[in-house]
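A short worksheet on the structure shown next.
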Amino acid sequence: SKHHQHLYLHHISDQSITPVNDTKHFMVGAYKEHRLKGRTVRIISIFRRDSVQPLYCVFYCGTHWANGMKAEVQMHSDHFGFHFVTTDVLCPNLPDCNPSHVTLATQADAKLAQNQTFLRIQNLVKREEEEFQFNFTVCWSNLFGEYNNVLQVTQTLEMYRLLGVQHVVVYNTSCGPDLERLLQSYTQEGFVEVVPWPIDQHMNPSRGWQLSEHGGDIHYYGQLTTLNDCVYRHMYQSRYVLLNDIDEIIAPYQHQTLPQMMDVLQRQNPKVGGGLREVFDPSGRFERPRWRDVPGINIMEHIYREEPDYRIYHPSKMIVRPRAVEQTSVHSVLRNFGRTVKVPPNVCHIIHVRVPLRGELTKEELHEDKRVWDYERQLVPNVDKALEQAGLLI
C-alpha cells in the first residue's frame, strides 16, 4: 500500500538512539515480548528521570496505524544518581493488530503520530534454541574516547574464539583509528558486530560511575542500556550471552571451552561465586617484537590474579540465558524469569587486564594465573593472522 511505502521510505529509524518527539527521552530498540501475558512489545529506552509524562505506544499494524495505547514505563533502579536512566517501556496487546513497527507519542491520536519516527520491532519470531545461530555471544560495553588498544582487543577476541564464542558485539561511541580498522576487518569476516552508539550527540555522557567524581548525564556512556539492548537483540539468536568489559575475559578453568563448562554447570547448578583481578608479568616472556608497534596492552604478560576480598561486594560478571532475563545490571540480573547460577572461582574466572584493584599487594600475595598461556600455541599465530588481515602488522 502507498501508506506503507510512505512510512517505510521516510520514518523508520536506522539509528540506535532515536529521540521521542516532544520529550527528553530516547528509544533504543523495540522487541516483541513472548513471555509476559498482556504485553506485546518492550522498548528499551533512555528516560530523563525528572520529566516523565504519560506516553502512548502507537503501532503500525502492517496495513494501518492503530490509535495509541497507554505505555507502562519501568525505570531501572540503578541510575547511580544521573539524570538519565535505562528504562523499559511495555506496550499492551492490541486486538486485531499484528504490529511490525512502533513509536512512543505524548498523545494517543495515530494521525498525529504517523509522521513520527517508528522503530522496527525485532524478535517477531520466537525461535527454539535448536534453531539459534549462535551458542555463545559476548556483549562488550561501550568503546569511547580514543581507545586504541589494538593488541589487547585482538588477543581477547582470539582468546574468545578459542573458548568457543561465535559472536562478539561492540557498542561503539568512538575509538582510535587502528582499532577502527581492526573492528572493520573482524566485521567483514563476521565474527564481530559493531553497533554505532552516538550517545554523545544526545547528551553529555559520564566517563565513569560516580556523578560526584565524573559529572555528566548518564552512567558510563549508557553502558547499562547497551547491555540490556544486547541481551534482547540476541534473545532468539544466541543460547548464552556473556556480559563483560573489553579488558576482561571470562575463562573456564576446568574445561577447554565455555560450552563444555556451561553444559556441566547446567547439570549441577552450584551456588557460590568468585571474581578475579590481574597484574603484570615482568619476565618478558611474551614481548613479541612483531607486536611492539601495535598499540595496546599485551594480555599474555598479565598473569597474576588477586584473590577477591570477600568482605566487599564483587562485580561478578555474567553469563546469561537471554530468555530468562528481564532487566540486567552490570553485575547482577535485576529481574529474571529463571534461577541464577553463581559459578565457583575454580570453575570459571574473569581474567582481568587493568590496574590492580588492591594495588598494595605484593607479588607473593597474588596467585599466578597462567590460563592464557595454556592457549599460547594457538593464540599467538591467530593474533598475528588477525593483525595482518587488518593491515596492522608491518
To the nearest 0.5 Å, atom OG of Ser100 lies from atom CZ of Phe118 at 9.0 Å

Check whether any side-chain heavy atom of Leu242 lies under 4.5 Å from a side-chain heavy atom of Phe136, and answer yes or no.
yes

Ser238 to Thr137 - nearest heavy-atom pair and separation:
OG-OG1, 2.8 Å

Going by atom types only, do Gln116 and Gln114 share a side-chain donor-acceptor pair under 3.5 Å?
no

Go through it in stages, so that I can follow the logic: the residues are Ile12 and His101, the test is side-chain contact (heavy atoms from CB on, under 4.5 Å), and I'd like the CA-CA distance, side-chain angles, deciding distance and then a yes or no.
CA-CA 8 Å; Ile12 293 180; His101 298 80; 3.2 Å; yes

Measure up the Tyr236 and His34 rings against each other and bin them: parallel (under 30°), tilted (30 to 60°), perpendicular (over 60°).
perpendicular

With side-chain contact (heavy atoms from CB on, under 4.5 Å) as the criterion, how do Gln53 and Thr106 come out once you've worked through the C-alpha distance, each side chain's angles and the decisive distance to 0.1 Å?
CA-CA 8 Å; Gln53 67 251 72; Thr106 50; 3.9 Å; yes

Indicate yes or no for a side-chain donor-acceptor contact from Ser185 to the backbone of Arg181 under 3.5 Å, with no hydrogens or angles considered.
no

Roughly how far, to the nearest 0.5 Å, is CZ of Phe84 from NE2 of His219?
15.5 Å

Atom CG in Asn149, atom CG in Leu143: separation rounded to 0.5 Å?
10.0 Å

Examine Arg127 relative to Phe132 and say whether NZ or CZ is less than 6.0 Å from the centre of the six-membered ring and inside a 45° cone about the ring axis.
no

Distance col, row Cys91:SG vs Met69:CE, nearest 0.5 angstrom, shows 9.0 Å

Give a yes or no on whether Asp200 atom CG has more than 12 heavy-atom contacts from other residues, nucleotides or ligands under 6.0 Å away.
yes

Just jot down the side-chain hydrogen bond (donor to acceptor under 3.5 Å, both in side chains) partners of Ser13, sequence neighbours excluded, or say none.
Thr18

Asp50, CG: over 12 other non-hydrogen atoms inside 6.0 angstrom
yes

Might you work through the side-chain contact (heavy atoms from CB on, under 4.5 Å) test for Met203 and Lys24, ending with a clear yes or no?
CA-CA 10 Å; Met203 62 185 75; Lys24 295 177 176 171; over 6 Å; no

Arg39/Glu33 salt bridge by N-O under 4.0 Å criterion
no

If you apply the rule side-chain contact (heavy atoms from CB on, under 4.5 Å), what do you find for Tyr221 with Gln223, and how did you get there?
CA-CA 6 Å; Tyr221 278 75; Gln223 179 193 44; over 6 Å; no

Do Tyr220 and Phe144 have their ring centres less than 6.0 Å from each other?
yes

Please give me the minimum heavy-atom distance between Asn67 and Ala110, naming the atom from each residue.
OD1-N, 2.9 Å

Any side-chain heavy atom of Thr103 within less than 4.5 Å of one from Thr117?
no

Atom OH of Tyr31 and atom CD of Gln122: how far apart are they, to the nearest 0.5 Å?
4.0 Å

Are Ser16 and Pro198 packed together at the side-chain level, in the sense that at least one heavy-atom pair is separated by less than 4.5 angstrom?
yes

Student check: side-chain heavy atoms of Arg35 and Met235 closer than 4.5 Å:
yes

Answer yes or no: is there a side-chain heavy-atom contact under 4.5 Å between Val153 and Trp140?
yes

Distance-minimising heavy-atom pair for Gly68 and Val58
CA-CG2, 3.9 Å

Hey, any chance Phe134 and Val192 share a hydrophobic cluster, counting ILVMFWY side chains that come within less than 4.5 Å of each other, even indirectly?
no

Check His214 against Ser206 and note the closest heavy-atom contact, atom names and distance.
CB-OG, 3.2 Å

Val194 versus Val169: any side-chain heavy-atom pair under 4.5 Å?
no

With rounding to the nearest 0.5 angstrom, report the OG1 to CG distance, Thr86 to Leu224.
5.0 Å

Stepwise side chain to side chain donor-acceptor pair (under 3.5 Å) check, His83 with Arg49:
CA-CA 6 Å; His83 285 313; Arg49 293 190 295 134; 5.8 Å; no

Closest non-hydrogen atom pair between Asn142 and Gly222, with its separation
ND2-C, 3.8 Å

Kindly assign one of parallel, tilted or perpendicular to the pair Phe47 and His25, based on the angle between their ring planes and the thresholds 30° and 60°.
parallel

Below 4.0 angstrom, N of the basic side chain to O of the carboxylate: do Arg239 and Glu128 qualify?
no

Tyr56-Asp109 side chain donor-acceptor pair, cut-off 3.5 Å:
no

Closest non-hydrogen atom pair between Phe191 and Leu157, with its separation:
CE2-O, 3.5 Å

Would you check if there is a donor-acceptor pair between the side chains of Asn148 and Asp178 at a distance under 3.5 Å?
yes

Option among Thr225, Asp88, Thr87 that satisfies the side chain to side chain donor-acceptor pair (under 3.5 Å) test with His76
Asp88

Can you confirm whether the side chains of His167 and Glu193 place a donor and an acceptor under 3.5 Å from each other?
yes

For the hydrophobic clusters of this structure (ILVMFWY residues joined by side-chain heavy atoms under 4.5 Å, transitively), does one cluster hold both Met27 and Leu112?
no

SB check Lys385 Glu388 (cutoff 4.0 Å)
no

